[in-house]
Amino acid sequence: MNDALLQLERASRGLNPDATERHEMARLVLAHAESFLEEVPKLKTFYETPAPSDVLSTSFPEEGRGLEACLAAIKNEVDRPGITTTAPRFFGYVPGGGLYHAAFADYLAAVSNKYAGVSFASPGAVRVEDQCLDFLASIVGYGKTQESTSYGGYLASGGSLANFTAIVTARDAKHIHGPLISKSTVYLTDHAHHCLDKALHLAGLSGCIVRRIPVDAQFRMRVEVLENQLDEDKKAGLKPFLIVGTAGTTNTGSIDPLEALGHLATAADAWFHVDGAYGALFALCDEGKRRLHGMHLSDSIVLDPHKTLFLPYGIGALLVRDKRLLLEAHAAGADYMQDAIHVQATSPATVSPELTKHFRGLRMWLPLQAIGVSAFRNALAEKMALATYFRKELSQIDGFEVGPEPDLSIVTFRYVPKSGDAEEANARLVQQIHEDGRIFISSTRLDGVFTLRLAIVCFRSHKEDVDVAISVLRELTEA
Ligand SMILES: *Cc1c(COP(=O)(O)O)cnc(C)c1O
């Protein structure tokens with residue numbers, strides 16, 4: 001028996017490298033990261049996928065290949081192909097930079113592997129998450145601290161899951177079950193993120209009546225139309241259930257009139273949810289705060305630190321103004337949790353669908369503590385100013401039509417050639433831009449019209465990068 005055990009122990013020794021081995025691993029990984037980071041400013045924004053090597057196409061080996069072989073495969077086949085979201089001239093979708101400090105926080109979180117779901121298991125990890133939530137709540141204007149308890153929240157994997165949790169909470173808070181579902185109305189615009197449709201479906205609310213409220217010339221929800229629709233629906237015996245305001249749409253960065261929406265929701269006894277996944281964090285800077293006024297009236301709000309706090313992907317946040325409702329929506333228990341139960345009331349696991357989870361709070365906490373908040377405020381103010389600058393510069397180039405003044409850091413525009421089909425010309429232009437690789441932008445449809453959009457969210461993007469975008473657009477349309 002003893003021999004057998006020792007044999008198994010020896011054969012699995014690779015799982016636990018010793019100090020010398022760890023030192024060598026750290027050296028290799030840091031060198032890898034360093035070579036990636038040194039290249040970032042020069043990287044093209046898009047790379048084709050090479051034919052997969054053995055490492056990525058055959059099944060895992062019984063005897064390991066060693067770290068170096070893996071790093072080489074990561075470098076060629078993972079770091080490179082596809083879009084380079086970390087590049088300073090990546091302006092597509094919602095860019096993601098990935099702060100270096102956060103990478104070390106992730107490393108430390110994985111090494112200590114503290115159990116961040118339950119405060120009994122790691123009071124420190126939960127305290128870290130609460131501190132992050134307090135910070136977000138202060139930006140939103142919810143005020144109170146998590147401990148003196150009015151609001152509640154948790155750090156999710158992203159905006160989609162956070163929005164889903166908000167919808168589930170709203171559903172239970174407003175008792176939208178059974179026959180009431182088909183009498184309940186939801187109000188949002190065509191510019192609301194599609195994850196909300198997904199969330200309604202996942203929450204069993206596909207049967208609700210969804211009112212797509214039209215937008216104005218700035219792509220913001222038209223309040224007077226919402227007001228009339230609410231009146232009509234009430235008169236028709238329907239139950240106005242949920243009003244979704246977007247604080248920075250993915251399409252155009254527009255901000256719905258949050259304050260007005262909040263008041264209408266209160267008057268209609270509807271839940272007011274704000275999807276601020278992309279935009280809400282701009283309230284860290286003065287101009288953003290002014291534009292986002294009214295967020296504090298929400299019953300729930302989503303913010304995505306992996307967008308506008310520049311963190312690596314995998315962290316979104318939900319805040320619910322009344323913590324009780326969040327707790328009630330997630331109430332569940334189990335015998336094997338009995339040791340943890342007495343302090344469970346303040347644990348992420350009791351206010352979210354997750355139990356065991358990544359200790360993602362540390363990647364938000366460490367940069368904010370170590371770098372300080374001011375750098376973030378300034379970076380966000382810079383992104384907004386860059387968007388205004390880009391729009392102004394582009395509007396002076398022949399052939400370009402620009403969309404409305406940006407509310408945040410997304411600019412919409414299109415190329416209108418002197419002759420030929422504008423639709424085709426813009427589709428071709430995006431294609432040429434992607435092939436060129438100096439910048440990356442994405443396209444969308446606004447009122448059915450093929451439109452280009454430039455989103456400035458990466459912390460590495462500065463004026464010189466926006467100038468490159470302008471040169472590329474000029475060059476490619478001059479010929
Ligand atoms: C990105 C985004 C989402 C979805 O968030 P993920 O983090 O991608 O899951 C939801 N709403 C808005 C407005 C967004 O920009």
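Computation of the quantities below employed the complete heavy-atom set of this structure, encompassing side-chain atoms and omitting hydrogens, waters and symmetry-equivalent molecules. Every number for a ligand or one of its atoms is a count from 1 in the order of the listing. These figures come from a predicted structure and were not determined experimentally.
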Practice item. Give a yes or no on whether a salt bridge exists between Glu39 and Lys42, defined as a side-chain N under 4.0 angstrom from a carboxylate O. Key: no
**Study point:** Per-atom contacts of ligand 1 with Gly159, taking only distances under 4.0 Å to non-hydrogen atoms
**Key:** 5 (O), 6 (P), 7 (O), 9 (O)
Point to revise | Worked check of side chain to side chain donor-acceptor pair (under 3.5 Å) between Gln229 and Asp233 | key: CA-CA 6 Å; Gln229 188 69 57; Asp233 290 343; 3.1 Å; yes
Check your understanding: Do Asp299 and Arg321 sit within salt-bridge range, that is, some charged N less than 4.0 Å from a carboxylate O?
Key -> yes
Check your understanding: Which atoms of ligand 1 sit under 4.0 Å from any heavy atom of Asn163?
Key -> 10 (C)
Review point. Below 4.0 angstrom, N of the basic side chain to O of the carboxylate: do Arg377 and Asp286 qualify?
Key: no
Review point. Counting from 1, what ligand 1 atoms have a heavy atom of Tyr278 closer than 4.0 Å?
Key: 15 (O)
Check your understanding: Between Asp304, Asp275, Leu303, Asn251, which one has a non-hydrogen atom sitting closest to atom 7 (O) of ligand 1?
Key -> Asp304
Revision key, fill the gap. When distances are taken from atom 8 (O) of ligand 1, the protein heavy atom at minimum range is Lys307 NZ, 4.1 Å
Practice item. Count the heavy atoms belonging to other residues, nucleotides or ligands that lie under 6.0 Å from NZ of Lys392, then report whether that count exceeds 12. Key: no
**Study point:** Heavy atoms from other residues, nucleotides or ligands near CD of Glu48 exceed 12 (cutoff 6.0 Å)
**Key:** no
Check your understanding: Ion pair present between Asp197 and Arg212, side-chain N to carboxylate O less than 4.0 angstrom?
Key -> yes
**Study point:** Nearest-neighbour protein heavy atom for atom 10 (C) of ligand 1, which is reported as residue plus atom name and distance
**Key:** His193 CG, 3.3 Å
Check your understanding: Considering only heavy atoms, does Ser160 approach ligand 1 within less than 4.0 Å through its side chain, its backbone, both, or neither?
Key -> both
**Study point:** Numbering as shown, the atoms of ligand 1 that approach Cys195 to under 4.0 Å (heavy-atom distance)
**Key:** 10 (C)
**Study point:** Ala277 N/O to ligand 1 N/O under 3.5 Å
**Key:** no
Review point. Is a salt bridge present between Arg211 and Glu232, judged by a nitrogen-to-oxygen distance below 4.0 Å?
Key: no
Point to revise | Contact atoms of ligand 1, heavy-atom distance to Gly248 under 4.0 Å | key: 13 (C)
Review point. Taking heavy atoms and a distance under 4.0 Å, where does Thr249 meet ligand 1: side chain, backbone, both or neither?
Key: neither
